[in-house]
Number of protein chains: 2
Amino acid sequence: MTTAGGSDAVDVEDLTARARIRDAALRHFAEDGFERATIRAIARTAGVSPGLVRHHFGSKEALRAAVDDHVLRMVRRFNDEALASGRHGNLSFAAAARPALRPVQRYLLRALLDGSKAAAKLFDEMVEMAEPWMPQPDETTDGAPVSDRRTRAALITAMAAGVGLLHEHVSRALGVDMFSDEGDRRVAVAMLDIYSHALITTDMAASARAGLDRPGTESPR
Amino acid sequence: MTTAGGSDAVDVEDLTARARIRDAALRHFAEDGFERATIRAIARTAGVSPGLVRHHFGSKEALRAAVDDHVLRMVRRFNDEALASGRHGNLSFAAAARPALRPVQRYLLRALLDGSKAAAKLFDEMVEMAEPWMPQPDETTDGAPVSDRRTRAALITAMAAGVGLLHEHVSRALGVDMFSDEGDRRVAVAMLDIYSHALITTDMAASARAGLDRPGTESPR
DNA sequence: CGGGTCGCTATACGCGCGTATAGTCGCTTG
DNA sequence: CAAGCGACTATACGCGCGTATAGCGACCCG
């Protein structure tokens with residue numbers, strides 16, 4: 001039993017039709033997006049009639065809010081466990097726990113595109129969590145970052161999300177499903193490579209910055 | 001009748017209704033996605049009747065194919081110019097030319113999510129183009145990358161795409177619209193910072209890799 | 001034991017969509 | 001000048017959607 005969180009344990013009731021609908025909605029929203037997912041299909045997956053969805057949740061938008069709420073609670077619980085077990089910067093816990101909230105992750109990524117407010121809030125929190133990881137502008141004297149850490153944190157967060165968002169294309173490039181065990185491992189290892197190696201030199205970055213100031217001139221005059 | 005207030009001064013030949021429809025579709029597909037965009041709205045934007053869209057393109061799917069084709073041609077032309085003018089690894093050209101194909105970029109990003117085959121093909125090409133940029137596994141002896149370059153190239157490509165895909169959230173975190181001049185510049189500079197600085201040490205990466213094999217336990221080093 | 005609530009289904013309504021078809025206008029051409 | 005033809009519009013059809021409402025059996029409670 002790993003129920004460290006212990007706040008209202010919904011495990012007992014999770015066989016109710018209401019929970020099944022919520023889970024089915026989570027899956028459909030994650031897979032097809034909010035607009036494309038239909039109440040009828042969600043009901044079919046949950047094994048109930050479409051009317052029951054409305055009976056329990058009132059409307060499609062309210063159903064989304066319920067799913068958002070559920071996901072938010074799951075993420076918070078995971079986060080609490082992560083904070084409790086792993087110390088600062090314990091990458092191994094984060095790496096190992098990733099498969100656990102994979103379905104939730106896919107939902108959240110889609111929700112970011114579909115305009116879910118809960119997802120937007122979580123994005124902001126992730127940016128905040130990522131910010132301390134960014135190298136500080138004054139950390140080294142030569143070639144130090146010139147942009148503020150929050151901007152970089154937001155970009156890194158969006159970039160990490162992009163991998164999951166484009167899982168179809170990433171999987172095609174890899175030749176293996178990103179969400180399979182092997183694919184997931186390859187992605188994780190490669191991400192560590194990416195995060196631990198600079199792609200360009202600080203000199204190249206400086207010259208590119210210079211190019212930003214002189215737009216449109218593709219060749220030296 | 002045509003809306004007399006056609007404000008934007010576009011190219012001389014592109015005033016035909018067919019071109020206007022195609023451009024309107026590009027914008028609507030980019031903004032709302034393929035499914036959400038409606039022929040009626042596209043026609044309204046183009047200043048024509050919905051029937052004309054069908055007259056010229058036959059179906060919504062065929063309209064998408066036409067837009068895909070148009071976008072593909074634009075990207076190829078840009079690419080040719082880049083290859084002709086800029087030499088190997090000329091970042092300043094890429095940086096300076098970015099605003100020019102911004103609308104096309106947004107369309108392509110959405111198209112990646114909407115299942116456009118042209119976009120998928122371009123993604124694969126971008127991966128191929130990114131691959132030579134990846135540090136080689138044998139480049140340095142200590143802490144060298146352990147994953148193949150193609151995997152890393154695919155991930156970097158998806159990550160770069162993620163920034164544009166989540167422009168709404170990135171803009172919120174930045175406090176300024178990512179597609180404004182100021183926002184775009186800040187993003188570009190920050191991206192250069194990210195690309196030119198490693199986020200974690202190779203030691204941290206190694207310990208995280210160890211964590212991948214032994215889920216749930218361990219602390220670094 | 002009987003009324004009320006709750007979980008659940010069946011059916012229907014209105015709407016906006018993509019698509020289809022018939023018709024109008026204006027320019028070309030022999 | 002008249003016939004033809006392509007650009008373009010008006011209108012309508014069918015479909016699937018979210019939503020609404022009525023009804024039905026099971027269970028609780030006084």
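Sequence lines set the chain letters: A, B, ... in the order given, protein chains first and strands last, and positions in each chain run from 1. Heavy atoms only: backbone and side chains are in, while hydrogens, waters and symmetry mates are out.
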By nearest atom, which of the nucleotides [options] is closest to the [X] side chain?
| X | options | result |
| --- | --- | --- |
| B:S49 | D:dC17, D:dT21, D:dC8 | D:dC8 |
| A:K60 | D:dT21, C:dC8, D:dG18 | D:dG18 |
| B:R40 | D:dG18, C:dG7, C:dT19 | C:dT19 |
| A:S59 | D:dT19, C:dC8, D:dC8 | D:dT19 |
| B:I39 | D:dA20, C:dC8, C:dT19 | C:dT19 |

What is the distance from [atom1] of [X] to [atom2] of [N], rounded to the nearest Å?
| X | N | atom1 | atom2 | value |
| --- | --- | --- | --- | --- |
| A:R44 | C:dA10 | CZ | P | 14 Å |
| A:L52 | D:dC24 | CG | P | 18 Å |
| B:R64 | C:dG18 | CZ | P | 13 Å |
| A:E35 | D:dC17 | CD | P | 14 Å |
| B:R20 | D:dA7 | CZ | C1' | 12 Å |
| B:F57 | D:dC8 | CZ | P | 11 Å |
| B:I21 | C:dG18 | CD1 | P | 14 Å |
| A:L63 | D:dT19 | CG | C1' | 14 Å |

Checklist entry - A:F57 ring centre to A:R18 NZ or CZ under 6.0 Å, with the angle to the axis within 45°? => result yes
Checklist entry - When all nucleic acid strands are considered with a 4.0 Å heavy-atom cut-off, which category describes B:A37: base, sugar-phosphate, or nothing? => result sugar-phosphate
Next on the checklist: Pick the closest DNA chain D nucleotide for A:G58 and for A:R36 by heavy atoms, then say which residue is nearer the 5' end.
Outcome noted: A:R36
Item to check | salt bridge (Lys or Arg N to Asp or Glu O under 4.0 Å) involving B:D32 - partner list, sequence neighbours excluded | outcome: none
Checklist entry - Can a side chain N or O of A:H55 be found less than 4.0 Å away from OP1 or OP2 on C:dC8? => result no
Checklist entry - Would you say a side-chain N or O of A:H56 is under 4.0 Å from OP1 or OP2 of C:dC8? => result yes
Next on the checklist: Minimum heavy-atom separation for A:D114 and A:R64, please, with both atom names.
Outcome noted: O-NH1, 3.4 Å
Item to check | B:K60 side-chain N/O to B:F34 backbone N/O, donor-acceptor pair under 3.5 Å | outcome: yes
Item to check | ring pair (Phe, Tyr, Trp, His ring centres under 6.0 Å) involving B:H167 - partner list, sequence neighbours excluded | outcome: B:F179
